[in-house]
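If you scroll down you'll find the structure; I have some questions about it.
Throughout, residue positions are numbered sequentially from 1 according to the sequence presented.
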Amino acid sequence: MTIQPVVPSWRLTRTLAVSGGLLVASAVWFSIGMVVRTPPTVGWLALPVAVPVAAPASWRAAAHGRTMWRYASAGIVLIGLGSASNAYDYFSGNQQGQHISAWTSAIYICGLAVFMWGLLRIPGVYRSRIEWFRFGLDNATMIVTVLTFAWHLAYPRWHGWLGDSVAGAVTVMIVVGSGFICVFAFIKVAFTGTGPIDRRALHLLALAGAVGAGGGALAPLLATRPYLNTAHVLLPSTCFCLCVAADRQSRASRAGLPQPRAGGRRLSLMPYAAVLATGGLLLFSAFTHAADLAAVAIGSVTVTVLVAARQLVALRDNLLLVEDLDHRATHDVLTGLPNRTVLAAEIDAALAAGPSGVSAALIDLDDFKEINDDLGHAVGDALLIAVAGRIAGHVPADAVVARLGGDEYALLLRSGDHAAILAAIAAQLRLPVHAAGHELVVEASFGLAPARPGDTADELLRRADVAMYEAKGQGKGRQVGYTAELDQRTAEQSRLAADLRTSLGTDQLHLLYQPIVSMPGGELYGVEALARWNHPDRGPVSPGVFIPAAERTGLIVPLGAWILEEACRQGAAWLYELGDASPRTVTVNVSARQLREAGFAHEVDAVLRRTGLPAHVLTVEITETAVFDGGAALAELKAIAALGVNIALDDFGTGHSSLSLLRTCPADILKVDKSFVDDITEGGQHAVVTAALIQICDGLRLRAVAEGVETAEQAAELHRLGYRYAQGYHYARPLPAERIPAYRPPLTVAV
């Protein structure tokens, strides 16, 4: 919650006291002059003092706000010079009463222009073109209203006051111009955002300008009192308002500048008040048979037309708003594609016409989260828009493309070879995509479900979702069609995952440890922790069954955390009990899903601290596919390596098989897959690959561990090729923790 600064309470300063005293004295003297004739000199005495008091106060406020205050200071100085010229006109006999010279008029106009320009420099809230057009209509409405009333009040007195002189015409221009500027400034202040300027200070500043400019329209009312001048009371009033506004700004700034107020849609009552006011004036003029009835009628009709135009603009704006809301309710804001609501309605309509030839497909981008994490959401959004365009550009005309949210899209297909359509989309997505200055290559998983009699949109999309998740489980960039077996497998995995979630933290789960030995003797070098699950009803559940279920449901994260903690705890216990005879390394398998979790390296560090296991004893084993694409997973792996933990690449050569990974991944150990070891004694390609891998490891100073060694002949051949570490059933099956200290090498070893 944002706490707005509290403006210090008002207190009477010397500036406010002097300015207020001048205003009171001027108002009292002006009121007396309205009743009896007073000496004209007294009325002019306050003016030389009022301006020098107000101008410095406004200038000082500029240090707390914007240069707008300096415009106001300069404007009041010019207006003060205009009043001095006005006094000279009066006392020199060049003009009488309210009449002013062209030179004086020019100074007044310049002062008002500078003063109001300061108001207009206030930064306003951003508005659309239609909002600015409506703003202009409101402005014109108020201007016509003000001028109509000014004409009605002054008209009966203008001829006797001005006569036919040129100076009189100039005065009329000043009155009209002042009213225009005054009203425009008021409307600007009403529509502006406050920025670093205090809002109440703005109101006071606008009032200062309104008093000085609008008061000039009252000059004809003093035609019978030539010894008085509106400047006698208007200039002190303007200066006092300016001093109060500057004081308010200074106090608000010392408390901390307020934040800009967000713009919103507001109901403007000004146009309707203007219609009522001019209409009332028209009725009054008609009943009193006023001489200016025609002018008032013209003004009233003009105001009514302007308000009617504003209403038409508002109605059009509301229609556009309703259309936009309707579109937003049925379409994705980012891509402009239809959303799930529209897609479901289209699917139901297609199924009602007959399910034959109708299919639903789900498309999910692979590894999109890494793009968002590594490059930012702006790049991710640009990619989603580009992908939407590519999908929409490669489907039949009668297809419907929708975005369901995140990185998931859906298709309704009614014609063509649906599998071929998805293959074409996949090929297009593999082409480089330019997104916010980045060139990206996208892979996607596709699930396709043909419609069946009796289907609903929800059921068809559910089956497509099942097929899509199966595609993701098989790897990146796959396409899978729905079959009934997938539902059975999904249901079984869901039940299995529910049981697995229940088993966490119980004795159903336990770890076995498979020895990693040094060759040729087969002595214990380290162990690899392997999870095992004894279900109370199912009995032993193979890791090949429950690990994929854990991966699919996300349970691999808490399961992996438990395995890491338990293995480190056991490793620390061996180190304490066996000393130098304990395993030199404890290997824990870590999934790609765990590596993508933010802060996983901190979790590893915390486990090491809790259990007391030295970092160099722990080995984190990953598959090459987990970090092949780099990104957040590779960053976490580097952070783990920085702790001193060993990194092992498992099943190397069976995935992407990119040797460049060995340069970017902080690996210490390379584990050669069992498939290359099985036929090593028979020569051929497997023997060549196995020999090449040991040479690569030697060149890069990596420890090579041969997996799946099951015979003495395989062990001997591996040793001959240069391998010094191995694991497999030839040496030992996975053992309970208590049997690791009793491990002994097999009788037949490599020689």
Side-chain angles (χ1 to χ4, degrees), residues 505 507-534 543 559-590 603-622 640-650 667-671 702-710 712 715 718-719 723-751:
D507 57 1
Q508 293 182 32
L509 287 171
H510 64 280
L511 295 183
L512 297 180
Y513 299 89
Q514 184 169 31
I516 300 173
V517 304
S518 58
M519 295 194 295
E523 295 83 5
L524 181 69
Y525 175 78
V527 294
E528 178 179 354
L530 302 171
R532 294 293 184 264
W533 181 18
N534 287 321
L559 176 61
W562 176 82
I563 294 172
L564 177 66
E565 181 98 22
E566 182 68 15
C568 288
R569 185 195 61 76
Q570 183 60 62
W574 282 327
L575 190 63
Y576 176 78
E577 297 170 3
L578 305 177
D580 293 341
S582 65
R584 295 176 58 184
T585 179
V586 176
T587 300
V588 176
N589 289 278
V590 171
E603 180 183 338
V604 172
D605 184 39
V607 170
L608 292 174
R609 293 176 184 275
R610 282 197 301 270
T611 59
L613 182 70
H616 70 271
V617 176
L618 177 63
T619 295
V620 167
E621 183 173 309
I622 62 168
I640 294 172
L643 299 174
V645 175
N646 299 295
I647 305 297
L649 281 178
D650 190 23
D668 304 289
I669 301 167
L670 196 68
K671 302 192 78 171
L702 302 175
R703 292 198 302 274
V705 177
E707 295 184 297
V709 180
E710 296 184 349
L718 288 168
H719 183 259
Y723 285 84
R724 295 298 177 262
Y725 302 97
Q727 67 182 105
Y729 287 179
H730 172 63
Y731 298 103
R733 293 176 177 271
L735 303 172
E738 60 271 14
R739 291 183 55 187
I740 291 297
Y743 167 81
R744 295 292 182 269
L747 296 178
T748 305
V749 298
V751 294

With sequence neighbours left out, which residue pairs that include part of residues 520-530 fulfil the salt bridge (Lys or Arg N to Asp or Glu O under 4.0 Å) condition?
->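 Listed by first then second residue: E528-K671.
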
State, yes or no, whether a side-chain contact exists between N589 and L530 at a heavy-atom distance under 4.5 Å.
->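 Yes, their side chains come closer than 4.5 Å.
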
Minimum heavy-atom distance between L608 and P614, given as atom pair plus value |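 Looking at all heavy atoms of both residues, the closest pair is CD2-O, 4.4 Å.
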
At what distance, to the nearest 0.5 angstrom, does CG of L509 lie from CD of E566?
->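 Between L509 CG and E566 CD, I get 10.0 Å after rounding to 0.5 Å.
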
Exercise: identify the closest heavy-atom pair between L718 and M519 =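 Here L718 and M519 meet closest at CB-CE, 4.1 Å.
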
Between CG of L643 and CZ of R609, what distance do you get to the nearest 0.5 Å?
->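 The CZ atom of R609 is 8.5 Å from CG of L643, to the nearest 0.5 Å.
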
Flag the pair W562 / L511 as yes when at least one side-chain heavy-atom distance between them is below 4.5 Å, and no otherwise.
->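 W562 vs L511: side chains touch.
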
Mark yes when over 12 heavy atoms from residues, nucleotides or ligands other than R610 sit less than 6.0 Å from its CZ; otherwise mark no.
->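 Counting neighbours around CZ of R610, more than 12 heavy atoms of other residues, nucleotides or ligands fall under 6.0 Å, so yes.
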
Could you tell me the separation between the OH atom of Y725 and the CD atom of E707, rounded to the nearest 0.5 Å?
->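 Answer rounded to 0.5 Å: 15.5 Å.
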
Heavy atoms, side chains only, cut-off 4.5 Å: are P520 and Y723 in contact?
->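 Not touching, per the 4.5 Å side-chain cut-off.
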
Walk me through it: do I622 and L649 pass the test side-chain contact (heavy atoms from CB on, under 4.5 Å)?
-> CA-CA 5 Å; I622 62 168; L649 281 178; 3.9 Å; yes

Closest heavy-atom pair and its distance - P515, I740 |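 Of all heavy-atom pairs spanning P515 and I740, the closest is CG-CD1, 4.4 Å.
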
Closest heavy-atom pair and its distance - A572, G612 =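 In this case the closest contact between A572 and G612 is CB-C, 4.3 Å.
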
Partner of V645 by side-chain contact (heavy atoms from CB on, under 4.5 Å), out of V588, V617, D605, L618 =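 Between V645 and the candidates, side-chain contact (heavy atoms from CB on, under 4.5 Å) is satisfied uniquely by L618.
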
Got a second to check how far D580's CG is from L578's CG, nearest 0.5 Å?
->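 Going from CG on D580 over to CG on L578, the span is 10.0 Å.
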
Looking at L613 and G571, what are the two nearest heavy atoms and their distance?
->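 Closest heavy-atom pair between L613 and G571: CD1-C, 3.6 Å.
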
Decide yes or no for V709 and V517: does some side-chain heavy atom of the first lie under 4.5 Å from some side-chain heavy atom of the second?
->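 Of all side-chain heavy-atom pairs linking V517 with V709, none is under 4.5 Å.
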
Do the non-hydrogen side-chain atoms of Y513 and L735 ever get within less than 4.5 Å of each other?
->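 A side-chain contact is absent here, since even the closest heavy-atom pair is not under 4.5 Å.
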
Qualifying salt bridge (Lys or Arg N to Asp or Glu O under 4.0 Å) pairs with a residue from residues 731-744, counting only residues at least two apart or across chains =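 Every pair satisfying salt bridge (Lys or Arg N to Asp or Glu O under 4.0 Å) with a residue in residues 731-744: there are none.
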
Is the backbone of V607 close enough, under 3.5 Å, to the side chain of T611 for a donor and an acceptor to pair up by distance?
->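 Yes, T611 side chain to V607 backbone: donor-acceptor pair under 3.5 Å.
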
If you measure from CD on E577 to CD on Q570, what distance do you get to the nearest 0.5 Å?
->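 Going from the CD atom of E577 to the CD atom of Q570 covers 7.0 Å.
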
Looking only at heavy atoms, which two atoms of A667 and L702 are closest? And how far apart?
->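 Looks like O-CD2, 3.1 Å.
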
Is there a side-chain contact between Y731 and P745 (heavy atoms, below 4.5 Å)?
->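 Side chain of Y731 against side chain of P745, heavy atoms only: no contact under 4.5 Å found.
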
Start with the C-alpha distance between Y743 and V527, add both sets of side-chain angles, then the distance that settles side-chain contact (heavy atoms from CB on, under 4.5 Å), and finish with yes or no.
-> CA-CA 11 Å; Y743 167 81; V527 294; over 6 Å; no

Under the criterion side-chain contact (heavy atoms from CB on, under 4.5 Å), which of Q727, R703, R724 is the partner of Y525?
->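 The option that passes is R703.
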
Given side chains that start at C-beta, do those of T619 and V586 come closer than 4.5 Å, heavy atoms only?
->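 Not touching, per the 4.5 Å side-chain cut-off.
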
If you measure from CD1 on I640 to CG on N646, what distance do you get to the nearest 0.5 Å?
->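 Answer for the CD1-CG pair, I640 versus N646, is 12.0 Å.
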
I669 vs E621 side-chain heavy atoms within contact, under 4.5 Å =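 In short, these two side chains do not touch, never coming nearer than 4.5 Å.
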
